[in-house]
2 protein chains.
Amino acid sequence: MLELRLVQGSLLKKVMEAIKDLVNDANFDCSATGFSLQAMDSSHVALVSLLLRSEGFEHYRCDRNISMGMNLNNMSKMLKCAGNDDIITIKADDGSDTVTFMFESPTQDKISDFEMKLMDIDSEHLGIPEAEYHAIVRMPSAEFARICKDLSSIGDTVVISVSKEGVKFSTRGDIGTANIVCRQNTTVDKPEEATIIEMNEPVSLTFALRYMNSFTKGTPLSNMVTISLSSELPVVVEYKIAEMGYIRFYLAPKIEEDEDETRPQA
Amino acid sequence: MLELRLVQGSLLKKVMEAIKDLVNDANFDCSATGFSLQAMDSSHVALVSLLLRSEGFEHYRCDRNISMGMNLNNMSKMLKCAGNDDIITIKADDGSDTVTFMFESPTQDKISDFEMKLMDIDSEHLGIPEAEYHAIVRMPSAEFARICKDLSSIGDTVVISVSKEGVKFSTRGDIGTANIVCRQNTTVDKPEEATIIEMNEPVSLTFALRYMNSFTKGTPLSNMVTISLSSELPVVVEYKIAEMGYIRFYLAPKIEEDEDETRPQA
DNA sequence: TACCCATGGA
DNA sequence: TCCATGGGTA
């Protein structure tokens, strides 16, 4: 028996919006710890890791560990039927091949339940090792999204370079080149506009903008995004989910084969 | 000679928006009583009935009963040229095969007139008998629209069931099932958020969501919608038009042939 | 399916 | 006036 009651249902709606473009089908794993998901994107290049801790739910009952395979598009369709202020409850009976989403309007005058068939999905639960990163950039998520979108109108890949002074996003394409530098700025009054760079050593890595732009679908979840970089490790783009956990996107850097292609900063 | 002056011209604009998706051509009937229309939708499944009473017009002159066939798309195009605050006057000379729409801006600084050709349309004016309904549901129109839209992302038909406790909207589709229950709530402070159910006997009827979604184009006309249900009678979905009349949509229930298809609430 | 634009609400 | 949402287009 599974019953998870989430007062701020809009969180789950946003989470689905952030994931569904990247992943078609995935197993949601439910344990006493929380509600989590780990899945490769459909082209097996990027990895998504979601955690919603049990403490973030108003009510959390999970009698035994369970893995529920869902089609994220269908799940997303159903969650779109929840109001943004609705309380969402996820329910599954033991041994059932369906999951039920229940939506309660704030006034309790409208109660909806949506039942969805579960799927069998080969789960490939990768252990993600804790790693030391050469550099960790924390910046406003909207700014990062804007940069990725802007650069993708010029080129296909982005070089992210971190030095003491700041983080540089560079691309090059047929029509020209682009470099966007964000300086560290901790001094702003508003912490939600700070850009903070922790750097152990300089790093410069290249990524496909297509995936970065998918990752930025997580922007509505948090004002800030954290980008963790190490040479020869996948980048981690993380959006914290208030009081509950996070959604993390992993993407391996492009191997820099050709000097011309790898230094868009020209 | 016909001359109808409507100070709140936006009403007529909204009426057209509500009808034009459903009906292509229709006769507007004008008499001393008011300005009215009755038409089947283009697939001859649903019926629209509109009444704008003469008292709702600032000036209403209609020397003799007249029926004017109009292409609603063209009429709508013209009405879109009226500002939302404009005063609209509808004019037709006796024996003329055109109708003129005149728009006056609130400041009187801009006066437009649009002349449109009339059409000959076979009118099939059905008498709509007054009927007793098993149940009448009055609820916020936006909520009804939201429900129809949400359910149509899951299935093609909706079962509307009324009991003392509330009204239930159910559907089923390939990806699962959905049930939305709205409880009666007369106690809210704001009458525009009340859901009121008058029930003589329980009723459960199935309708095509496609038409329901067309009907909800009437939402901008009124905060509230009234849904009148009886077994073996067409449902009536009514939007009152302030001070003037109403727009009513009629749709026959689907005959429930197969138990499996007709009880989406599973 | 993803992006862009237009529209309606806060 | 700005933001968010929904519909249309590529």
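Predicted, not measured: the structure shown is a model, and the values here were computed from it.
- At whole-Å resolution of the value, NZ in A:Lys77 and C1' in D:dG6 are 17 Å apart.
- Residues passing the side-chain contact (heavy atoms from CB on, under 4.5 Å) test with A:Asn223 are A:Glu192, sequence neighbours excluded.
- Take A:Asp21 and apply the side-chain hydrogen bond (donor to acceptor under 3.5 Å, both in side chains) test, not counting sequence neighbours, and it matches no residue.
- Look at NZ on B:Lys14: it is 15 Å from C1' on C:dT7, rounded to the nearest Å.
- Between A:Asn84 atom CG and D:dC3 atom P the separation is 18 Å, expressed in whole Å.
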Pairs: protein N or O with nucleotides 2-6 of chain C N or O, under 3.5 Å:
residue	atom	partner	partner atom	Å
C:dA2	OP2	A:Asp21	OD1	3.3

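- Evaluation of the side-chain hydrogen bond (donor to acceptor under 3.5 Å, both in side chains) test over residues 74-89 of chain A, restricted to residues two or more places apart or in two chains, returns A:Glu17-A:Ser76.
- Look at CZ on B:Arg146: it is 15 Å from C1' on C:dG9, rounded to the nearest Å.
- A:Phe249 is linked by a ring pair (Phe, Tyr, Trp, His ring centres under 6.0 Å) to A:Phe215, counting only residues two or more places apart in sequence or in another chain.
- With sequence neighbours excluded, no residue forms a ring pair (Phe, Tyr, Trp, His ring centres under 6.0 Å) with A:Tyr250.
- Classification of the A:Phe28-A:Phe35 ring pair by plane angle, with boundaries at 30° and 60°, yields parallel.
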